[in-house]
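Working notes, structure below.
For this chain, numbers begin at 1 and follow the sequence in order.
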Amino acid sequence: MKSLNIDPDKQGLATEPTALFIDKVEVTTYQGKVNNIGPVVATISIIESIYSTSLLFEIGIKDQSNLIEDLPFIGQEKVTIFARKKGLDDEAEKEITLDFKVTEIPTYARGESLNEQVYVIKGISEFAYNNFFKKICRSYREPAATEIEKILVKDLLLPEDKFNVTGDDISKSKGVINIQRPLTAAEFFRASAFDEKGSPFMLFQTLNGNVNFISLAQMLSTETNAEYGGAYYLAKNINAAPGGEKAYAQKRKNIISIESKLNLSKINQARAGAFASQINTLDWSNKSYRTQSFNYFGVENKNVSLDGNKTFSRDDTVFDTPLDSLFESHTEYLSQNQFAHPGFDNYGTLVRRNKASSNSYNALLETFTHDIRLPGDLQLNAGRKIRINFPKAKDPTNLPQSDLTDELISGTFLITSCAHVIQGGEYFCDIRVKRDSFSIDLQDETNVGTADRTVSSIKGVII
């Protein structure tokens, strides 16, 4: 695969931020033979997402040597990608070596040329591939992080040093994993996990090969990694001489393209439980029924957010009631049996304790969404934070220097997914970023006090 904008005198040195040096793309056949297919690879896409346990990969091949038969490709191959990058800004060289198992070859085409064929190969990480050939069934009694580690390391053979836990998982229950795929069981535990701030956990793999079990609150509170846009929103605004370190640094901040779904739907967020909700629980052990009402302003430590300001106004009401008191906007019905395992919570009891708060964290993250193409960066990973500055849609010559940024749609964002795309010899990152709060402060007329608001109200009824 040809890599553009690489200094021929300094192998691997990127002279443009969109350059990435591909050392080789190896295919290991079912017979154990290793072949470098880099010269026939036209495109590579590696996708990471906080909502996906495994990396996904896709390569496009333009074959003029009948490789599909000569290897041959039969759908049982391993693909290893070796890549590295070092730019003009003297950053430390970054390297990746990633192994994937082929899952399918879904697309094949022939053009007018008799000696050329094109096809696509898709795959996933090896531990995720193993998942489809095994089922597990056993009892459990440890916190979610411990049980997930057992599944990934012991059942799916992920190297132990590739599993990372960040955040204090305080979920613990006792029960039985019924007969199911290992990653289905891992999702079962992830869905019940939460930290001391009531934040849910995410389970996902990043470009370094690590599988991360990390709380959303932890991701929101980490340092912001990079800043994009502003004066360098478009490539034509680069004012430095081409080919030098200054131009390279400016281009790294460039937003190449953007196609956003802003969301800003209070209806959808309310229906998902962002502002208020009601959890109704039936306990089979004593035939009691209780209702737990969740209020956005009643949550302890709810200040864990990206930009710190709330996303709705209490001045605009429905039925003369602010959004955070409309508990029936989102309702759920759960069951539990608190006598199932004396001394332990069962799964239903554990979920009831944190379901409303987890729903709120996840729904608030849908406040803003941007889909953006940026210059390639091996450290633009899912779960990282970046700052994006959008210039105002006004003539900047009529604005003071301190008032050039649109503060509403700009701000700090969480990368929820990143597709590392190499096409035409250039490297881009197609990222989706989300935000759970506004940069601007909504000045409500209503005087809201949070100290005396109740997180939940419980009532029991014998049926």
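Arg352 contributes no side-chain N or O that, together with a main-chain N or O of Ile279, makes up a donor-acceptor pair within less than 3.5 Å. For Thr103 (side chain) and Lys122 (main-chain N/O), a donor-acceptor pair under 3.5 Å exists by modelled atom type. Proximity of a side-chain donor or acceptor of Glu48 to a complementary backbone N or O of Ala382 within less than 3.5 Å is detected.
Residues that satisfy the ring pair (Phe, Tyr, Trp, His ring centres under 6.0 Å) test with Phe201, not counting sequence neighbours, are Phe213. In this structure, the ring pair (Phe, Tyr, Trp, His ring centres under 6.0 Å) partners of Phe133, at least two apart in sequence or on a different chain, are Tyr129. Partners of Phe438 according to the ring pair (Phe, Tyr, Trp, His ring centres under 6.0 Å) rule, which considers only residues two or more places apart in sequence or in another chain, are Phe368.
Remark: Ser439 OG to Ile409 CD1 distance equals 10.0 Å, nearest 0.5 Å. To the nearest 0.5 Å, atom CD1 of residue Ile415 and atom CG of residue Leu374 are 8.0 Å apart.
A pairwise comparison of heavy atoms in Ile50 and Met202 identifies O-CB, 3.8 Å as the closest pair.
When side chains are defined from C-beta on, Glu149 counts as touching Glu160, because their heavy atoms get closer than 4.5 Å. Between Thr146 and Tyr140, every side-chain heavy-atom pair lies at or beyond the 4.5 Å cut-off.
Salt-bridge check for Arg252 with Asp377: passed, with a basic side-chain N closer than 4.0 Å to an acidic carboxylate O.
Other residues, nucleotides and ligands place more than 12 heavy atoms under 6.0 Å from the CZ atom of Arg138.
None of Lys174, Lys172, Arg353 except one satisfies the salt bridge (Lys or Arg N to Asp or Glu O under 4.0 Å) rule with Asp345; the exception is Arg353.
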